[in-house]
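As structure tokens, the structure follows; a few thoughts come after it.
The analysis underlying the following values was restricted to heavy atoms, covering all of them including side chains, and did not include hydrogens, waters or symmetry mates. Bear in mind that the values here come from a model prediction, so they are computed numbers and not experimental data. Indexing begins at 1, ligand by ligand and atom by atom, following the structure's order. The first residue in the sequence is number 1, and the count goes up from there.
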Amino acid sequence: MKTPIYIIEEDRLRHNLSLIRDVARRTDSEWILAFKAFALWKTFPIFREYINSTTASSLSEARLALEEFGAKAHTYSPAYKDDEFDEIVRCSSHLTFNSLSQYERFHERAGECSIGLRVNPEYSEVGTLLYNPCAPGTRFGVMADQLPEQLPQDIKGFHCHCHCESGSDVFERTLQHIEQKFARWFPQLEWINFGGGHLVTRKDYDIERLVRLMQGFHERYPHLKVIFEPGSAFAWQTGPLVASVVDIVENKGIRTAILDVSFTCHMPDCLEMPYMPEVRGAKTSTSPSQGEGITYRLGGNSCLSGDFMGMWSFDHELQVGEEIVFEDMIHYTTVKTNTFNGISHPSIGMLHSNGQLEILRQFTYEDYRDRMD
Ligand SMILES: Cc1ncc(COP(=O)(O)O)c(C=O)c1O
């Protein structure tokens with residue numbers, strides 16, 4: 001197998017999809033895929049066996065929904081543009097506005113779309129500011145004190161996204177704030193979308209609590225259709241990024257294995273969040289001399305000085321050509337990668353249930369060149 005390559009594993013994907021389908025049934029809600037986390041459209045036929053819809057946040061994602069997933073999108077964009085709006089409407093079943101001014105500007109052109117408004121409960125437990133949509137000064141959603149008592153007739157839903165890799169305990173606390181602030185408008189609505197960030201496929205996620213929460217919610221508001229739109233949960237732990245060691249260098253006692261992948265190009269969330277990815281067969285360590293194994297920084301092959309992470313200790317000396325496997329590298333990575341420095345983009349493969357590895361895409365010089373054509 002030629003590295004670098006992202007490998008999505010069909011069995012693990014089906015495991016997540018079947019769990020999510022079960023959660024949808026037990027919570028009497030619709031679960032749709034957020035493309036912002038995962039958009040490998042060659043896998044959509046598998047998704048269609050389990051779910052019926054997706055959520056888009058741009059014209060390109062909305063087109064992908066219609067043209068490749070085969071169903072109109074639930075679309076939310078922070079800011080619709082005049083020259084894209086009609087095409088977005090063509091590709092969407094639901095259309096959520098981020099602000100009252102966007103609603104005013106565009107709602108008459110929304111056609112058959114069911115119109116929603118993003119609301120902001122001013123409560124989120126997301127610690128990392130980069131991912132917190134309720135931080136002071138946020139540009140996301142309308143606050144309760146900005147809403148008129150009587151909503152415009154054509155607003156049918158509220159959309160509320162304030163989670164990130166969260167458990168149902170967080171949702172339980174957040175839901176109290178959502179209801180406290182917005183329940184008085186619920187009688188005027190048909191649906192509510194609780195956004196993404198519900199990590200139901202994580203092993204320790206308390207699904208029973210979510211089921212109880214939703215039972216209570218449906219009893220209080222039986223007329224409201226409930227929608228969840230996670231991305232990560234669908235692709236959570238569905239496969240690795242496999243890289244190879246290209247060189248090993250040492251400076252001031254720090255040994256770095258330089259790989260044929262880059263953190264900034266191919267695993268950007270590691271640097272942004274930041275978080276240490278799991279490396280198969282290695283343990284994280286805090287210093288070059290700590291631990292029993294042989295400790296390395298892992299370095300990217302871009303020229304960015306900060307394109308490294310570490311340390312990890314291995315039970316042997318790494319060799320040039322040896323594979324390094326970064327676990328859980330499908331969600332967000334495959335949609336956020338870039339070709340900075342002209343670095344070769346990892347291939348994308350799918351490991352089918354029958355053990356066959358299908359190469360979905362390989363990247364060439366022309367991919368790099370033509371983006372700037
Ligand atoms: C509006 C909205 N919906 C859904 C999602 C998907 O979230 P996640 O991938 O954490 O489930 C996001 C992520 O940022 C989002 O902003």
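Y296 has its ring centre no less than 6.0 Å from the ring centre of W312. Side-chain rings of F47 and F69 stay apart, their centers remaining 6.0 Å or farther from each other. Annotation: F217 is not in aromatic contact with F171 [ring centroid separation under 6.0 Å not met]. Residues Y332 and F38 place their aromatic rings such that the two centres sit no closer than 6.0 Å.
Every residue two or more places apart in sequence or in another chain that forms a side chain to side chain contact (heavy atoms under 4.5 Å, CB included) with R109 is listed here: D82, F85, D86, F106.
Between G231 and ligand 1, an N or O atom pair is found at a separation short of 3.5 Å. The shortest N/O to N/O separation between Y332 and ligand 1 falls below 3.5 Å. Of the N or O atoms in E229, one or more lie within a sub-3.5 Å distance of an N or O in ligand 1.
Residue contacts with ligand 1 for K36 involve side-chain atoms from C-beta outward but no N, CA, C or O (heavy atoms, distance under 4.0 Å). At a heavy-atom distance under 4.0 Å, only side-chain atoms of H159, from C-beta outward, approach ligand 1.
Other cluster members for V170: none, since no ILVMFWY side-chain heavy atom sits under 4.5 Å from it.
The P230 neighbourhood of ligand 1 comprises atoms 11 (O), with distances under 4.0 Å to a heavy atom of that residue. Those atoms of ligand 1 that come under 4.0 Å of a heavy atom in S232, given as number and element, are 8 (P), 9 (O), 10 (O), 11 (O). The contact set between ligand 1 and A37, taken as ligand atoms under 4.0 Å from a residue heavy atom, comprises 9 (O).
Of the listed residues (H161, E165, H74, R118), the one carrying the non-hydrogen atom nearest atom 5 (C) of ligand 1 is H161.
A 6.0 Å sphere centred on CD of E278 holds no more than 12 heavy atoms belonging to other residues, nucleotides or ligands.
Residue contact check for ligand 1: G197 places a non-hydrogen atom closer than 4.0 Å to it.
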